[in-house]
Amino acid sequence: MNDLVLIRQNLRRQKLRSALMAVSILIAFAIFGVLVGFERSMNAREQAAAADRLVVVNKINFTQPLPIAHYSRVRAIEGVRQATHLSWFGGYYQEPKNTLIVTAVEPETYLEVYANDYDLRPDARAAFVRERTAALVGETMAEKWGWKAGDRIPVSSDIYVQKNGSRAWDVTIAGIVRGRTPHIGTNFMVLHYAYFDETRLFGKDTIGWIALNTVSPSVNDRLAKTIDRMFANSANETATDSEKAFNRAFGAQLGNISLVVVLIIGAAFATILMIVGNTMVMAVRERTREIGVLKTLGFSRVRILRLILGESLMLALLGGLPGLGLAALTAVSLRMSSSSLFSALVLTPDIALTAVVLMFAFGLVTGLAPALSAFRLKIVTSLGRS
Amino acid sequence: MPDNTLVRLIDVCKRFNKGSETITIFDRLELSIPAGDFVAVMGPSGSGKTTLLNLLGGIDRADSGEIHIGGIRVDALSESALTRWRGAHVGFIFQFYNLMPMLTAAQNIELPLLTRPGKDRRRHVETALKVVELADRKKHYPREMSGGQQQRVAIARAIVSNPDLLLCDEPTGDLDRATADEILSVLRLLNRDLGKTIVMVTHDAAAARHARRTLHLDKGRFIERDLAA
């Protein structure tokens with residue numbers, strides 16, 4: 001027998017109580033894993049933003065289009081290394097609930113601007129540029145729908161219709177795009193702007209926004225001002241900002257995700273902390289006499305403290321680790337669901353590590369009060385209590 | 001101090017505060033117990049019997065005076081040193097057994113051995129179980145045993161680390177006469193055959209007759225009567 005056996009046996013003495021506490025902790029850590037994973041996925045675009053990239057949007061709102069003529073003028077400005085334009089397609093697959101993130105792009109310039117972000121096989125690149133109806137699909141989206149290069153699929157738009165009345169554009173997948181770093185999301189599809197613009201019923205010769213790489217991040221501010229000044233007082237004024245700021249604004253459409261996540265996790269943990277902490281205090285108080293007996297038998301005060309902290313730590317791990325497992329399963333399940341909101345939801349190793357650190361902190365916090373109480377308890381007092 | 005004296009109390013004073021009132025339990029108490037003795041301590045409720053055991057076992061401290069046990073002045077030991085000393089030199093037997101309900105008999109008996117490094121813990125436990133004649137009950141939990149059997153386990157726990165001194169607080173107070181006699185026979189055997197020094201607090205005159213002598217505590221002083229047959 002050793003201290004670990006004593007801790008285990010103490011947890012087993014009230015099996016139902018221990019199980020209920022473990023389930024409470026499990027729920028808290030499952031919530032933690034899913035929500036932090038969600039928050040990270042929402043902020044991944046911001047983290048993935050290139051330092052030397054600017055985004056030019058309509059000053060009214062980035063959902064408002066810009067004339068394609070703006071693109072030619074922006075490209076010609078000194079300090080612009082590469083530029084491309086993108087247009088929001090508003091896609092879905094088969095049914096509107098199967099949302100797809102689809103943008104119409106100019107293939108050559110798009111691949112140049114984002115060359116450092118994605119990996120793409122040369123033959124896929126060539127096929128995408130060559131074929132007017134070709135599309136590139138990100139790895140996450142391809143995995144989700146089981147698509148592969150060569151597949152021909154209909155991509156519908158909930159914004160645009162074709163001149164023939166159809167909402168579906170048939171595209172052939174030229175290749176699968178992989179992100180070069182974990183922060184770069186690959187739940188997207190890009191198709192030819194020319195194909196899209198030529199066939200759509202309205203909005204012709206307009207684009208959504210312009211993305212450009214500058215010659216150096218140091219010229220970003222000056223260049224942004226130059227661009228906006230160029231279109232000042234025109235019918236389509238622009239707002240130019242870093243890609244990071246643009247992505248942040250894009251994510252903010254859903255509200256302050258980080259704050260919401262912190263508030264929900266905080267509420268869950270505070271509640272569980274009080275429940276488990278209170279139960280631990282009661283559980284140890286019931287054992288007052290036994291603690292006195294252990295001290296009488298020669299168990300030091302520090303060892304008693306260690307035993308009780310060990311018990312609360314073990315309980316936190318017993319609930320927390322399965323909770324983390326449940327969060328991972330939930331993340332997979334949500335990722336595979338039709339909602340694109342969760343398409344990048346992953347329980348990354350750093351989230352898991354943070355959760356394990358939190359489990360230790362949780363165990364220490366919930367065990368500290370009863371452990372200190374047992375530490376200070378006088379034998380004579382404890383033996384006198386029933 | 002005679003060579004064979006195991007326990008010696010010199011001018012021990014102990015007081016308790018109850019509200020604004022101070023109650024004196026012992027005022028300059030003197031006591032000497034030779035090694036190998038079996039002493040029963042009797043006295044009316046509140047006479048300080050349990051307090052005496054607590055002082056001897058180092059689980060309570062005297063306000064003044066000296067407590068020597070086995071040549072060590074235990075009242076001068078630090079808290080941690082006292083804990084180590086207690087684990088090594090004193091065995092406790094309580095009225096209500098005080099076994100850990102979630103541990104088996106063998107695990108309960110093993111508890112004092114966890115406080116010190118050493119091998120052959122299992123062998124020590126087996127030996128203690130044999131002494132109290134419970135070898136066949138080692139895997140039983142306290143709830144699966146009678147009161148007498150639980151008290152035997154408590155005795156095995158008290159002797160497993162081979163202490164010099166056994167302190168028993170009403171060890172038969174919760175048992176019927178026949179079972180009490182069995183337990184007292186075990187204590188007598190420990191005293192007679194294994195040479196353990198035993199100090200037993202009891203209200204029961206029949207139990208006290210198993211001791212070599214009985215000390216009567218009254219108003220913080222001892223009145224000694226020799227009951228040895």
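Labels below follow one simple rule: chain letters A, B, ... track the order of the sequence lines, proteins then strands, and each chain is numbered from 1.
With hydrogens and angles disregarded, no donor-acceptor distance shorter than 3.5 Å links the side chain of D169(B) to the backbone of F94(B). With hydrogens and angles ignored, the 3.5 Å screen pairs no side-chain donor or acceptor of E143(A) with any backbone N or O of T140(A).
Interface remark: V5(A) contributes side-chain atoms only to the contact with chain B (heavy atom separation under 4.5 Å). Only the side chain of R157(B) comes within contact range of chain A, judged by heavy atoms closer than 4.5 Å. Looking at Y97(B), neither its backbone nor its side chain comes within 4.5 Å of chain A, counting heavy atoms on both sides. Of the atoms belonging to N54(B), it is side-chain heavy atoms, and not backbone ones, that fall under 4.5 Å from chain A. Interface remark: R301(A) contributes side-chain atoms only to the contact with chain B (heavy atom separation under 4.5 Å).
Side chains of D37(B) and T197(B): no donor on one and acceptor on the other come within 3.5 Å. H124(B) and E126(B) share no donor-acceptor pair across their side chains, judged by distance under 3.5 Å alone.
If you tally non-hydrogen atom pairs under 4.5 Å between each of R303(A), K295(A), K378(A) and chain B, the highest count goes to R303(A). Taking L6(A), D3(A), N2(A) one by one and counting their heavy-atom pairs under 4.5 Å with chain B, the maximum is reached by L6(A).
For F29(A) and F269(A), the gap between ring centers is short of 6.0 Å.
Counting only heavy atoms from C-beta outward, the side chains of I93(B) and L187(B) approach each other to under 4.5 Å.
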